[in-house]
Asks: 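Shown below is the structure under consideration.
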Amino acid sequence: MGMIKISNLKKFFGTKRVLDGVDLEIDKGKITVIIGRSGEGKSVLIKHIIGLLRPDDGQIFLEGQEISSMSERDWGEVRKRFGMLFQGAALFDSMTVGENVGFPLKEHTDLADEDIMKIVGDKLRRVGLVGVEHMMPAELSGGMKKRVGLARAIVMDPEIVLFDEPTTGLDPIMSDSIADLVLDTQRSLQTTYILITHDIPFTYKIADKIAMLHEGRIIEQGTVEEMKNNPNPVVKQFLEGRAEGPIKVY
Amino acid sequence: MIRAYLEKLGRMAEKFVDTAGLMSIMLFQAAVHAFTPPIKFRNIFKQMEFVGVQSLFVVILTGSFTGMVLALQSFNALKRFGAESLVGPTVALSMARELGPVLTGLMVTGRAGSAMATELGTMRVTEQIDALVTMAVNPVKYLVVPRVIAGVLMFPLLAIITDFVGVLGGYFVGVKLLGINPGVYIGRTIDFVQVSDIFAGLYKSIVFGLITTLVASYNGFYAYGGAEGVGRAATNSVVTASVMILVSDYLMSSFMV
């Protein structure tokens, strides 16, 4: 069942056409991975889903309700159903790890500080971190920052979590451990996960559905097996990581 | 040639209108959110400490030396008319009406305004402001409102301190170094300086506090382009706020005379 439906989404930056009619359905309780080359507008697409950017044309529906034309005030409520992990984790560098993870709870609930810290500890354990609550983000490695970012994204138990390139800048082993975390946190709560990445091994490991964004549109989509067997030369070239093919390297 | 010039002029005008519009919207949003609960007292106090307490040293240094040099220069000038006794009121009036608020404004813009623009600019380019939005937290309420409130409250307090140490500096130079009679110095100052003179300066300070924090917040908030963009935001905020302080000072003075 489509939880999020994106219909004919278009976005221009100046005269540059970034999204040229994206059509995509995101299934509830599944992991959808959007792949594509760097600069193809994957981040732009994901930022539309959570209302950080507004489309020039087209609509986005969340469970049948159009969210793309909502006022900023209405978005406030809708966003509470989302969590997001940013590419650089986007932790607040003036706060400790514990304050970062507990921030949404502090802002949106009446929980006492001790209760917040208990939930924070739980979520940090879920992402494999113990005893880091009092550390500052600057003291963490890239992989740890992503884990803390993930803990913060899921601290409110959101229905949908968005991931902006969760493995960029990480070594292959750390990427694999992030994949395990994604699977572990998603399976236990049956949350809807939407990821954008160009990390193919990572994608194969976690995806229920893969959609490929190319030249501003979703050109192909399907399960991992379907995409591996997809005859489209663009998809083949990308998944196999070849410089030669229909996609030109500039 | 002419066309290129006109196009450039047009782009500059467009940018100016764009900036003025976005800044006005930010001011309006900040004004609305400032009075909408929940009010973030912790953030406000933190910014007050940053803008106010941490600026004390630079403000005291500026105020005292300005008062001292004012006494020295006005003594030289007034001596020619045999009016050395007016050094006290000259220093006090100049400090209270003009130099206290303006110098405080410029110094705190250099210190706190640039830091604010840098902090918010870094938050923008590292997606921390986007992260706030995704967590359903209004970034203007969370980041801009505390800074603007801190500026509006702390600038007048800092200006009073500048006035006070300026007058003390003037007294030290006039009485201790130049030999003016202390009774005459203090008496004449009290005779000439009125409470309205001090308030005239404080009103200006409130406006300067608003200008500095709003301009810094705006530049940081809309920073783009990595480290270079953050640097540009800091520079622009100091230059723009300083110019706006000087221009608005003249306009306000012309109305208050």
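Numbers restart at 1 for each chain; the letters A, B, ... are given by sequence-line order, proteins then strands. These numbers come from the heavy atoms of this one structure, side chains and all, not from hydrogens, waters or symmetry mates.
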Asks: So with a 6.0 Å cut-off around CG of D110(A), is the heavy-atom count from everything else above 12?
Replies: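 Open.
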Asks: For the interface with chain B, which of L85(A), L91(A), D164(A) has the highest count of heavy-atom pairs at distances below 4.5 Å?
Replies: L91(A)
Asks: Under a 4.0 Å N-O cut-off, is there an ion pair linking K209(A) with E25(A)?
Replies: no
Asks: Which bit of I129(B) is near chain A, if near means a heavy-atom gap under 4.5 Å: side chain, backbone, both or neither?
Replies: neither
Asks: Assign the ring pair W75(A) / F82(A) to parallel, tilted or perpendicular, where the plane angle (0 to 90°) is split at 30° and 60°.
Replies: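 Ring orientation, 0 to 90° scale: tilted.
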Asks: Heavy-atom distance under 4.5 Å to chain B: side chain of L162(A), backbone, both or neither?
Replies: neither
Asks: Find the one option among V133(B), L132(B), T126(B) whose heavy-atom pairs under 4.5 Å with chain A are most numerous.
Replies: V133(B)
Asks: Please determine if K141(B) and E107(A) form a salt bridge, counting it only when a charged side-chain N lies under 4.0 Å from a carboxylate O.
Replies: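 No, no charged N to carboxylate O under 4.0 Å.
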Asks: Does R11(B) come within less than 4.0 Å of D18(B), counting only side-chain N to carboxylate O?
Replies: no
Asks: Taking only residues two or more places apart in sequence, or in another chain, which ones meet L99(B) in a side chain to side chain contact (heavy atoms under 4.5 Å, CB included)?
Replies: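 Applying side chain to side chain contact (heavy atoms under 4.5 Å, CB included) to L99(B) gives T66(B), L70(B), S94(B), M95(B), L103(B).
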Asks: Any chance the side chains of R97(B) and S253(B) put a donor and an acceptor closer than 3.5 Å?
Replies: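 S253(B) and R97(B) do not have a side-chain donor-acceptor pair below 3.5 Å.
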Asks: Which of residues 204-216 of chain B get closer than 4.5 angstrom to chain A, counting heavy atoms alone?
Replies: none
Asks: Verify whether one side chain among D93(A) and Q128(B) offers a donor that lies under 3.5 Å from an acceptor in the other.
Replies: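 Q128(B) and D93(A) do have a side-chain donor-acceptor pair below 3.5 Å.
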